[in-house]
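Data first, discussion second: the structure below is written as structure tokens.
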There are 2 protein chains.
Amino acid sequence: MTTMKAAQKRAQAKVEYNAFLAGCPSRQLLDRISDKWVVLILCALGGDNSAGQPGAAHADAPKAMRYSEISRLLIGVSQKMLTQTLRSLEHDGLLTRTVTPTVPVTVSYELTDLGLSLHHMTRGLRSWAQTHMAEVLANRENYDSRTS
Amino acid sequence: MTTMKAAQKRAQAKVEYNAFLAGCPSRQLLDRISDKWVVLILCALGGDNSAGQPGAAHADAPKAMRYSEISRLLIGVSQKMLTQTLRSLEHDGLLTRTVTPTVPVTVSYELTDLGLSLHHMTRGLRSWAQTHMAEVLANRENYDSRTS
DNA sequence: GAGAGAAACTTCCTATCGGGAAGTAGGCAC
DNA sequence: GTGCCTACTTCCCGATAGGAAGTTTCTCTC
């Protein structure tokens with residue numbers, strides 16, 4: 001392991017990990033990142049926290065956010081799932097958790113480089129959902145009228 | 001709504017779809033596509049069904065697949081979830097379902113253009129999971145040893 | 001002509017999971 | 001001391017995913 005160059009390791013990884021196989025670690029990883037809260041949290045920390053103009057590819061402004069900020073932005077997330085998801089992301093090295101012993105304790109979360117690389121993917125997902133929303137709604141109506 | 005001019009509608013649409021809002025349709029859509037089976041099925045139908053050779057960034061070969069083919073490829077999926085997910089994807093217009101009345105009936109599924117556009121995203125997710133697997137595993141070990 | 005078998009589901013039961021609400025810790029303000 | 005603040009943690013329950021067995025329609029075998 002330690003004798004391999006990074007490039008070699010990466011090359012081998014591609015053959016070894018196949019996300020279609022149930023037992024493969026990469027499958028478990030894919031299962032975990034294919035989660036609505038993971039996607040939303042990464043989008044939030046990645047900086048696309050505005051309403052998000054579809055066309056306007058505003059530059060990433062990955063920023064540190066406090067627990068309560070995230071909870072306020074991701075309307076509908078329960079405290080339990082937020083904490084749980086943040087912990088698992090920290091565990092996987094996608095974000096860092098920093099505790100500042102201020103008056104009431106302050107905890108802030110920030111994407112790591114690894115988390116940022118995944119953010120590029122989740123950002124695409126979110127933007128896809130927003131840009132193709134109308135099309136999907138039309139398809140649903142179409143489908144429902146055909147089958148009725 | 002119908003009395004609005006196109007420009008006004010467009011202006012409002014920009015604010016209307018925000019995946020961070022719990023009630024927004026795009027949030028529901030994002031929740032649905034941020035699902036492990038959705039991601040895996042799209043990857044399967046999108047054509048990256050091989051283990052993924054290192055150098056060969058093989059071109060997409062989106063192909064029609066039969067129910068049993070998908071079920072065999074996505075090891076671990078239950079028939080119930082496979083059927084359910086395929087139906088919802090068909091409902092949203094991401095794929096087509098074709099029944100051929102052969103000897104034992106043949107049902108084949110194929111991505112639509114819309115599904116194909118989402119496939120670009122899910123493909124990225126899968127490839128991310130496979131390429132960064134080693135890094136994540138290392139982070140986990142690191143984290144566990146720190147906290148123990 | 002009575003199974004057996006194959007593809008694509010469908011149904012039922014149970015284990016697991018997510019959401020809601022209430023409880024906790026530790027420090028400060030009143 | 002009472003209450004409030006943030007960031008959780010715990011408990012309970014309804015929703016959901018998974019496993020396995022049943023269903024349908026045809027054809028092929030014995």
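Just so you know, these numbers use all the heavy atoms, side chains as well, and skip hydrogens, waters and symmetry mates.
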I need a per-nucleotide contact map over nucleotides 1-18 of chain D, read 5' to 3'. Cutoff is protein heavy atoms under 4.0 Å; write B for the base, S for backbone only, - otherwise. -----SSBB-B-----BB

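- A salt bridge links Asp92(A) to Arg32(A): one of the charged nitrogens lies within less than 4.0 Å of a carboxylate oxygen.
- A side-chain contact (heavy atoms from CB on, under 4.5 Å) with Leu137(A) holds for exactly one of Arg140(A), Glu135(A), Glu141(A); it is Arg140(A).
- Side-chain contact check for Tyr17(B) and Thr131(A): no donor-acceptor pair (N or O, by modelled atom type) lies under 3.5 Å.
- Contact check for Val107(A) versus Arg97(A): side-chain heavy atoms found under the 4.5 Å cut-off.
- The structure places OG of Ser78(A) at 6.5 Å from CE of Met81(A), a figure rounded to the nearest 0.5 Å.
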